[in-house]
*Asks:* 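Sending over a structure as structure tokens; questions will come in a sec.
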Number of protein chains: 4
Amino acid sequence: MSVNKVILVGNLGKDPELRYTASGTAVANFSLATTERFKDRDGNSQEKTEWHNIVAWRQLAEICGKYLTKGRQVYIEGKIQTRSYEDRDGNKRYITEIVADQMQMLGRAGDDNSGGGGGGYQRREPRQERSGGGSNNQPRQTEYEEPPFNPDDDIPF
Amino acid sequence: MSVNKVILVGNLGKDPELRYTASGTAVANFSLATTERFKDRDGNSQEKTEWHNIVAWRQLAEICGKYLTKGRQVYIEGKIQTRSYEDRDGNKRYITEIVADQMQMLGRAGDDNSGGGGGGYQRREPRQERSGGGSNNQPRQTEYEEPPFNPDDDIPF
Amino acid sequence: MSVNKVILVGNLGKDPELRYTASGTAVANFSLATTERFKDRDGNSQEKTEWHNIVAWRQLAEICGKYLTKGRQVYIEGKIQTRSYEDRDGNKRYITEIVADQMQMLGRAGDDNSGGGGGGYQRREPRQERSGGGSNNQPRQTEYEEPPFNPDDDIPF
Amino acid sequence: MSVNKVILVGNLGKDPELRYTASGTAVANFSLATTERFKDRDGNSQEKTEWHNIVAWRQLAEICGKYLTKGRQVYIEGKIQTRSYEDRDGNKRYITEIVADQMQMLGRAGDDNSGGGGGGYQRREPRQERSGGGSNNQPRQTEYEEPPFNPDDDIPF
DNA sequence: TTTT
DNA sequence: TTTT
């Protein structure tokens with residue numbers, strides 16, 4: 001009976017960090033900037049950047065680690081989650097993160113903004129770009145044929 | 001490299017129709033009304049209702065067939081799809097539908113508006129209400145423990 | 001070139017707090033719970049609740065203050081924002097909030113769960129319930145007539 | 001009490017058509033392709049493209065007319081609307097459209113896929129690219145100062 | 001602190 | 001055909 005959904009389009013602040021838990025599960029972290037432009041009371045253009053902590057798990061983590069680079073523009077769909085941790089002084093702190101369940105690279109392949117000579121995307125992963133989408137990847141029926149079975153679909157409990 | 005996402009909160013115009021394909025796959029259809037209110041140029045309140053054709057497949061279809069009733073308020077997440085068919089005169093026609101991949105019943109259990117003696121929800125399905133959510137159902141990690149494996153997650157290709 | 005959008009359906013943990021800035025601008029704060037259910041590795045049903053800090057400004061703040069009560073189910077659309085403040089020890093802390101730009105009361109009027117004798121919603125505001133929607137309030141054209149101009153975009157009544 | 005929201009990221013099939021109603025209101029139309037990739041039962045990669053009819057009004061129409069070109073990748077937020085019309089034989093037909101209330105150009109300026117020598121975006125509008133965002137344009141408060149009033153909500157510049 |  |  002509830003919904004917790006986040007949709008972001010922004011640019012990576014750094015290359016993702018890809019790590020593995022003790023049991024071998026992949027987890028990727030990166031920060032994503034969204035910037036809004038607005039006019040202040042004096043009519044001057046202003047902008048404000050918000051930084052989001054993104055975390056991805058398992059296959060999506062692997063894809064983020066392989067294909068995303070600093071500056072890259074991505075679409076992220078996920079949910080908001082706040083978790084607690086202890087800082088060095090033993091105080092309980094909270095951090096809010098976006099747990100991604102879909103990621104789509106935007107712009108064209110090779111179109112990252114990492115600047116400099118190397119050209120981020122190609123360097124990270126020379127293979128052809130592939131979609132990082134998740135539950136959006138269901139096949140579609142045509143004329144009410146049954147859609148091909150998709151294990152990602154519709155598992156409600 | 002693309003996103004096709006629809007989010008609706010509205011009321012069912014009728015009980016869903018639950019059918020099965022030749023191969024036994026469940027498919028549910030229902031119409032969903034969303035109504036917006038606005039003021040016209042004269043400042044008079046107006047409203048306009050939009051009717052959406054919703055289609056759900058497999059487990060989500062079964063849940064819709066069991067638990068949803070006319071008048072019920074639901075949250076639907078899915079994608080837009082236009083398919084073609086031939087009308088009785090052999091002309092090609094198009095119909096746009098929302099292929100649901102998540103459904104959440106809103107309001108409280110038993111809070112449907114089917115009127116009449118029986119009380120719609122209970123009559124349709126006396127068992128305990130259960131969430132019809134899909135990909136929102138992933139577990140969440142706490143303090144960066146690895147989340148329990150969820151086969152619905154993150155299958156990007 | 002960026003998008004920062006949050007969609008929540010959840011229940012208020014308490015009645016909203018409505019305050020005014022020095023210059024007279026209304027601001028409402030409330031916490032909203034979203035709960036997800038999932039099965040753990042042992043197949044046992046689990047649930048996890050996430051608490052979201054919601055902030056609304058101006059007219060939407062007034063509406064939240066008037067009509068929302070503890071337990072009420074609402075739809076919130078807004079954006080994520082992290083702001084900093086100093087705690088009592090002078091340390092910089094961060095808090096992530098959802099700045100609402102749309103709110104819709106879900107369920108039926110009078111359908112709140114504040115319990116107690118009076119019946120929360122009615123007690124808070126005896127007038128007829130009205131939609132708190134924002135930018136969803138645009139009129140719609142019919143057959144490509146020009147839609148009536150709507151000065152009320154983002155103004156809920 | 002209802003929500004009708006669509007979020008699309010896709011590519012324009014053609015340059016937009018910008019027209020004006022008798023009373024001088026701008027309206028832009030264009031088609032937008034979203035493509036999903038999936039694997040069929042045999043494990044072969046498939047893709048399916050969905051075409052969406054987008055309509056924008058007033059300032060957003062002008063911006064679309066000025067800045068968007070065939071092939072350009074955009075983010076669209078809006079609502080679903082079905083309107084009726086009569087075909088040449090006098091039969092009532094229906095068309096489903098997305099009425100946009102926000103548009104964001106994705107990728108980098110100059111990054112359109114119109115191919116050919118000229119380079120679509122620059123040719124259409126030599127001025128600096130500007131955000132086409134709408135209600136996302138609200139300013140954000142810092143440390144609970146009142147946000148600057150923004151008359152530009154839903155007005156893109 | 002909510003809700004099912 | 002729903003709902004407020």
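Letters A, B, ... mirror the listed sequences (proteins, then strands); counts begin at 1.
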*Asks:* Between A/Lys5 and B/Glu77, does any side-chain N to carboxylate O distance fall below 4.0 Å?
*Replies:* yes

*Asks:* B/Asp89 side chain to B/Asn91 main-chain N or O, any donor-acceptor pair under 3.5 Å?
*Replies:*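 Answer holds: no.
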
*Asks:* Rounded to whole Å, how long is the line connecting atom CD of B/Gln46 with atom P of F/dT3?
*Replies:*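 Checked: the CD to P distance equals 21 Å.
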
*Asks:* Tell me: NE2 of B/His52 to C1' of F/dT2, nearest whole Å?
*Replies:*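 Result: 11 Å.
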
*Asks:* Does this structure show an ion pair linking C/Arg93 with C/Glu86, if we count only N-O contacts that are shorter than 4.0 Å?
*Replies:*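 Salt bridge flag = no for C/Glu86 with C/Arg93.
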
*Asks:* Mapping B/Glu47 and B/Lys14 to their closest nucleotides on DNA chain F, which lands nearer the 5' end?
*Replies:* B/Lys14

*Asks:* Between E/dT2 and C/Thr49, counting only base atoms on the nucleotide and side-chain atoms on the residue, is there a donor-acceptor pair under 3.5 Å?
*Replies:*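 A donor-acceptor contact between them is present.
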
*Asks:* Expressed as a whole number of angstroms, how long is the span from B/Asn53:CG to F/dT1:C1'?
*Replies:* 11 Å

*Asks:* Can you find an N or O donor on one side and an acceptor on the other, under 3.5 Å apart, linking the side chain of C/Arg72 with the base of E/dT2?
*Replies:*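 In this structure, the two groups form no donor-acceptor pair.
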
*Asks:* From the set F/dT3, F/dT1, E/dT2, return the single nucleotide nearest to any side-chain atom of C/Thr35.
*Replies:* E/dT2

*Asks:* Choose from F/dT1, E/dT2, E/dT3 the nucleotide whose nearest atom is closest to any side-chain atom of B/Lys70.
*Replies:*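 Nearest to the side chain of B/Lys70 among the choices is F/dT1.
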
*Asks:* Quick one: B/Ile54 CD1 to F/dT1 C1', roughly how many Å, whole number?
*Replies:*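 For the pair B/Ile54 CD1 and F/dT1 C1', the rounded distance is 13 Å.
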
*Asks:* Would you state whether a donor and an acceptor, one from the side chain of A/Ser2 and one from the base of E/dT3, lie under 3.5 Å apart?
*Replies:*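 For A/Ser2, whose side chain was compared with the base of E/dT3, there is no donor-acceptor pair (under 3.5 Å).
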
*Asks:* Let me know the distance between CD1 of B/Ile76 and C1' of F/dT2, rounded to the nearest Å.
*Replies:* 14 Å

*Asks:* Do B/Leu8 and B/His52 have side chains that get closer than 4.5 Å, going by heavy atoms?
*Replies:* yes

*Asks:* Evaluate whether the aromatic ring of C/Trp51 and the six-membered ring of the E/dT1 base sit under 5.5 Å apart, centre to centre, with an inclination under 30°.
*Replies:* yes

*Asks:* Can you tell me how far P of F/dT1 sits from CG of B/Asn11, to the nearest Å?
*Replies:* 16 Å

*Asks:* What nucleotide, of E/dT3, F/dT2, E/dT2, holds the atom closest to the side chain of C/Ala33?
*Replies:* E/dT2

*Asks:* Can you check the C/Leu106 CG to E/dT4 P distance for me, whole Å?
*Replies:*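 Spelled out: CG on C/Leu106 to P on E/dT4 is 13 Å.
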
*Asks:* With a 4.0 Å cut-off on N to O distance, would you call C/Glu47 and C/Arg37 a salt bridge?
*Replies:* yes

